[in-house]
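Worksheet: one structure, shown below.
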Amino acid sequence: MQPAAPFARWSAVLAAGLGCLAFAVVVATFPLASMAGQLNPQIVASTLVTLAFAAVGLLVALRQPRNPMGWLLLAGSMLLALNFATSYYTDLNYRLGHHLPLGAVALVLQPSWAPGIVSFGLAVLLFPDGRLPSPRLRWILRVYLAIGALWAGGAVAITIGAIAAGHVRVDSTGNLVGLGSPHGDTEWWGIVQIVFFALLIAITIGSLAGQAVRFRRSTGERRQQLKWLLSGTAVAMPALGLSIALGSATGLLGAVGDIGFAMGAALPIGIGVAVLRYRLYDIDRLISRTLAYGAVTALLAGAYAGLVLLATRELRFSSEVAVAVSTLAAAAVFNPVRRRVQHAVDRRFNRARYDADLIVAAFAARLQDTADPAATTPDLGETVQQALEPAHLSLWIGEVVS
């Protein structure tokens with residue numbers, strides 16, 4: 001037990017230090033982005049997602065210091081945060097001509113996005129306990145690490161070479177031009193980048209597909225872990241895809257894209273709950289509530305809009321009266337609709353609760369026909385066991401003194 005205490009203490013200090021550093025770098029990003037004239041909602045959304053990954057990585061590293069997942073998420077988020085800050089710093093220094101101190105150091109640190117992406121790819125491959133799902137995947141891990149090291153190390157080497165040669169040119173994102181659009185002497189690095197991202201996409205898709213297959217075969221706690229991961233992915237990936245598709249949009253569509261990017265935080269939240277095993281069994285309730293309230297919102301919004309149009313265009317009511325009547329009608333049917341939709345959703349997506357309700361209702365019906373407490377005791381224990389599945393069950397019945 002003695003060697004474990006220093007390890008736990010120093011790992012907690014290291015994790016807290018990395019977490020504080022990531023937070024400090026994110027905070028420094030905003031004034032730098034403002035000085036560069038590039039502060040916008042998308043920057044805020046991307047830093048929120050980075051902070052979500054950092055927070056999850058910090059919690060996992062503190063609670064499970066021997067699990068590589070926490071360290072990978074924490075290191076990856078810190079490296080991405082460092083990239084945000086140094087990108088604006090190099091843009092101010094080299095492109096906008098502010099002549100800031102330590103500009104060369106910032107330029108060398110700017111490609112930190114490369115090892116950050118490598119870290120997140122490793123986290124996908126090693127979910128949830130930091131071990132490969134199968135020993136047969138070791139060769140894939142070795143190939144991924146080799147190409148990732150060549151890609152990340154090459155980015156730093158190209159940057160140092162540009163500084164040494166005195167040919168530093170950066171684009172508006174703070175990237176060295178040779179890295180943003182590889183050509184000439186950096187063309188080899190562009191080829192390595194294409195190979196790396198193709199491998200990363202294949203690993204991500206293959207890992208998620210494998211998790212989905214294991215989900216169908218798994219039971220108990222492991223099944224709930226996979227459900228949290230797949231649920232977070234199901235929310236984050238479409239939202240991030242929508243954000244990328246609306247990347248150049250403005251106005252309302254631009255705001256929708258920024259919100260979609262922020263919803264990418266669902267992925268680290270799902271990973272954190274799965275790895276830490278905190279409130280694992282709440283996922284069924286969360287899914288059913290989300291689906292139910294989403295369906296109820298859509299139904300009531302459609303009914304509200306239909307009533308307003310009917311009252312104003314067909315029945316010729318004034319707009320104020322139509323809105324008031326439609327609002328009252330929507331409020332009156334909210335609870336009945338919610339109960340019916342929730343019941344239907346629970347039957348499909350939250351069978352545990354639905355089955356538990358049926359078990360308790362059946363027990364209540366049997367209880368009406370039984371007057372002997374001794375006869376109902378075994379039935380009561382069996383009902384509680386089936387409905388709640390407790391780890392331990394004990395029943396105490398006191399005597400009633402008349």
Side-chain angles (χ1 to χ4, degrees), residues 46 49-50 53 56-57 67-83 87 109-159 173 175-176 178-215 226 229-230 232-234 236-241 243-245 247 261 264 267-268 270-271 274-275:
S46 60
V49 175
T50 303
F53 273 105
V56 170
N67 188 342
M69 285 290 299
W71 300 106
L72 289 171
L73 294 176
L74 187 55
S77 58
M78 190 199 69
L79 290 168
L80 287 186
L82 186 62
N83 165 253
S87 293
L109 294 175
Q110 195 275 336
S112 56
W113 44 265
I117 293 174
V118 173
S119 298
F120 286 127
L122 277 176
V124 171
L125 194 59
L126 300 178
F127 177 88
D129 52 9
R131 293 192 293 266
L132 289 171
S134 170
R136 291 177 294 181
L137 299 177
R138 288 175 182 169
W139 70 271
I140 297 180
L141 177 62
R142 295 190 186 102
V143 171
Y144 175 79
L145 289 176
I147 297 177
L150 179 62
W151 178 60
V156 176
I158 290 171
T159 303
T173 62
N175 276 320
L176 197 69
L179 297 178
S181 54
H183 61 279
D185 294 339
T186 62
E187 188 172 358
W188 67 270
W189 184 83
I191 297 173
V192 173
Q193 179 171 247
I194 293 173
V195 173
F196 171 78
F197 275 105
L199 181 60
L200 178 62
I201 292 172
I203 286 176
T204 302
I205 295 175
S207 178
L208 291 175
Q211 302 287 11
V213 172
R214 282 189 288 275
F215 171 76
L226 295 176
L229 172 67
L230 297 176
T233 303
M237 291 307 173
L240 291 175
S243 176
I244 294 172
F261 200 98
L267 180 57
I271 292 174
V275 174

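Atoms considered below: every heavy atom in the structure, side chains included; atoms not considered: hydrogens, waters and symmetry mates. None of the values given here were measured: they were computed from a predicted structure. Counting from 1, the numbers follow the sequence of the chain as shown.
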Take Q110 and W113 through the test side-chain contact (heavy atoms from CB on, under 4.5 Å) and record every step on the way to the result.
CA-CA 7 Å; Q110 195 275 336; W113 44 265; 3.8 Å; yes
Supply the atom-to-atom distance L122 CG to L200 CG, rounded to the nearest 0.5 angstrom.
9.5 Å
Report the C-alpha separation of W188 and L150 in whole Å, then their side-chain angles, then the decisive distance to 0.1 Å, and conclude whether the side-chain contact (heavy atoms from CB on, under 4.5 Å) test is met.
CA-CA 11 Å; W188 67 270; L150 179 62; 4.3 Å; yes
Considering all heavy atoms of both residues, which atom of F53 and which atom of L267 are nearest to each other, and what is their separation?
CZ-CD2, 4.3 Å
Side chains of residues 71-80: which donor-acceptor pairs under 3.5 Å do they make with residues two or more places apart or in other chains?
from: W71; atom 1: NE1; to: P65; atom 2: O; distance (Å): 2.8
from: S77; atom 1: OG; to: L73; atom 2: O; distance (Å): 2.9
from: S77; atom 1: OG; to: L74; atom 2: O; distance (Å): 2.9

Using atom types as modelled and distance alone, determine if a side-chain donor or acceptor of S112 lies under 3.5 Å from a backbone N or O of N83.
yes
What pairs with N67 under side chain to side chain donor-acceptor pair (under 3.5 Å), at least two apart in sequence or on another chain?
Q64
So CZ of F120 and OG1 of T204: to nearest 0.5 Å the spacing works out to 12.0 Å
Under the criterion side-chain contact (heavy atoms from CB on, under 4.5 Å), I'd like the reasoning laid out for V118 against F196: C-alpha separation, chi angles, the key distance, then a yes or no.
CA-CA 9 Å; V118 173; F196 171 78; 3.6 Å; yes
Give a yes or no answer on whether the side chain of W151 reaches the backbone of W189 with a donor-acceptor pair at less than 3.5 Å.
no
Here the gap from L179 atom CG to T159 atom OG1, rounded to the nearest 0.5 Å, amounts to 4.5 Å
Within this structure, what is the OG1-CG distance for the pair T186 and L176, rounded to the nearest 0.5 Å?
8.0 Å
